[in-house]
Amino acid sequence: MRYISTRGNTPAKTFTEILLGGLAPDGGLYLPEQYPQVSRAELDAWRNLSYADLAFAVLSKFITDIPAGDLKRIINKTYTPQIYCHPRSGSDANDITPLRTLEPGVHILELSNGPTLAFKDMAMQLLGNLFEYALAKQHEELNILGATSGDTGSAAEYAMRGKRGIRVFMLSPHGKMSAFQRAQMYSLQDPNIFNIAIRGVFDEAQDIVKAVSNDHAFKAKYKIGTVNSINWARVSAQIVYYFKGYFAATQSNDEQVAFSVPSGNFGNICAGHIARMMGLPIGQLILATNENDVLDEFFRTGVYRPRGTDHTYETSSPSMDISKASNFERFVFDLVGRDAAKVREFWGKVESGGAFGIKGTPYWDVLPQFHFASGKSSHQDRLKTIRELWEEYGVMVDTHTADGIKVGLEQRRPGLPLICLETAQPAKFEDTIREALGRGPVRPAALAGIENLPQRVTVMGVDVQAVQDFIRQHAAD
Ligand SMILES: *Cc1c(COP(=O)(O)O)cnc(C)c1O
């Protein structure tokens, strides 16, 4: 299996060649040359596999340049009940992604039982093990630099902690995260994890990361890398749970299902799109946004118009507060029949601050063949959904999952079982849960009192030089 760029101007590469990188050199995103196909006989054989065995079956179609025995060992050590150890009451940690049935035909797939209580652990934990393996083989080291306002940074730290050859330098806005989020990140005592709190807002921390990455000499000398959501290995790891969820919600491989997906950067639902392209019987992929609805707008009107940060709202489902969806280009590449020149034309417009539209083109006519539906949700909708689920089923969901459930119930085709992907646990969003229910969220017992643990963090001004000095001091070269 080899990987090509959506912009068409990069030679095909293997999985391990693209594993540690980000964008392709031509500015595009990597995708497999062709999607591997899953036969009916394979689906039948996969139906009762454990999560780890299923992950091996799916991922070995994409990862063909790591010896099977090594890949199996990496996957087996990733998907264990010891790592996905925070299941909700009544769920079995051995399932890794337990399916909770609200009523016949309506389900929630628990994807946030990992160490940071968000679905990003599903892919990031595998990435940590793949990085450690690849770096050891190449006798290389990597210094991961990132900025976070919460979820991604903590998932990266928990995935990379204690890994040989890897250090993480994670910038966060000083005093802007919740006490729980701070405790999650800053209480890590692993010597390869460095938390840097910047006296500024998230965008200023992000700008420091960009400035350091644009210092090419520094970047090369200190082997600076990232773990952002366009990383292909992250997308591929997410394909697995669409298969797992499908098998859990159906009796036979003749049935179709609908997935509803709380979406931001289009990484999660892109994995669902690929699962469907491989032959998984998905009848509907329902994309849910919050008030930041660029993606919903595209599926309704055919126009993709990213917004500036000044038109990006801060909402109560903050991990979906995006103005442009970094993985969306992967889907559009498939939509335009993998015509890289067309993708270059569209993103030429996007990157000069504009928009592109497909209405009145053949692409609009083929869009229904991809089985997407979409909708949006507001703060009031979230409160209502959280309340209804609590009152009717005794199930507490977080704000992002609530967006997915609201839009999923609205958009589902009658007769299709609906699987709502749960992207975080309510414990992470205490304030909104209190607002909706008048009580705090349930927190996994193992995380009780983490706010009281000693914390390790270095506070700095908005200062690129200071961050570079810090990396120089703490990075091995
Ligand atoms: C990252 C995230 C999302 C959005 O996922 P994408 O892959 O960016 O579409 C939704 N919910 C939560 C809780 C997240 O952390």
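Both ligands and their constituent atoms are indexed starting at 1 by order of listing. This chain uses plain numbering: 1 for the first residue, then up along the sequence.
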If you have a sec, work out which protein heavy atom is nearest [atom] and how many Å separate them, to one decimal?
| atom | value |
| --- | --- |
| atom 7 (O) of ligand 1 | Asn268 N, 2.9 Å |
| atom 5 (O) of ligand 1 | Phe119 CZ, 3.6 Å |
| atom 1 (C) of ligand 1 | Lys120 NZ, 1.4 Å |
| atom 12 (C) of ligand 1 | Thr423 OG1, 3.5 Å |

Open item on the list: Less than 4.0 angstrom from a charged side-chain N to a carboxylate O is my criterion; do Arg434 and Glu430 meet it?
Closed with: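 Counted as a salt bridge, because a side-chain N and a carboxylate O are separated by less than 4.0 Å.
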Open item on the list: Using modelled atom types and a 3.5 Å cut-off, is there a donor and acceptor pairing between side-chain atoms of Ser91 and backbone atoms of Pro87?
Closed with: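 Not a single qualifying donor-acceptor pair exists.
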Going by distance only, is there an N or O of [X] that falls short of 3.5 Å from an N or O of ligand 1?
| X | result |
| --- | --- |
| Ser263 | no |
| Gly267 | yes |
| Gly264 | yes |
| Asp398 | no |
| Asn265 | yes |

Open item on the list: Quick check with a 6.0 Å cut-off and a 45 degree axis cone: is Arg167 positioned over the face of Phe131's six-membered ring?
Closed with: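 Output no; distance or angle outside limits.
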Ring centres under 6.0 angstrom apart ([X], [Y]):
| X | Y | result |
| --- | --- | --- |
| His400 | Phe429 | yes |
| Trp46 | Phe247 | no |
| Phe62 | Phe15 | no |
| Phe298 | Phe328 | yes |
| Phe259 | Tyr246 | no |

Looking at [X], which atoms of ligand 1 are within less than 4.0 Å of one of its heavy atoms?
| X | value |
| --- | --- |
| Ala424 | 13 (C) |
| Phe266 | 6 (P), 8 (O), 9 (O) |
| Met320 | 10 (C) |

Task: Any Pro262 heavy atom less than 4.0 Å from ligand 1 - done: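 Pro262: in contact with ligand 1 (<4.0 Å).
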Task: Reported CZ-to-CD distance for the pair Phe346 and Glu329, which is rounded to 0.5 angstrom - done: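 Nearest 0.5 Å value for the CZ-CD distance: 11.5 Å.
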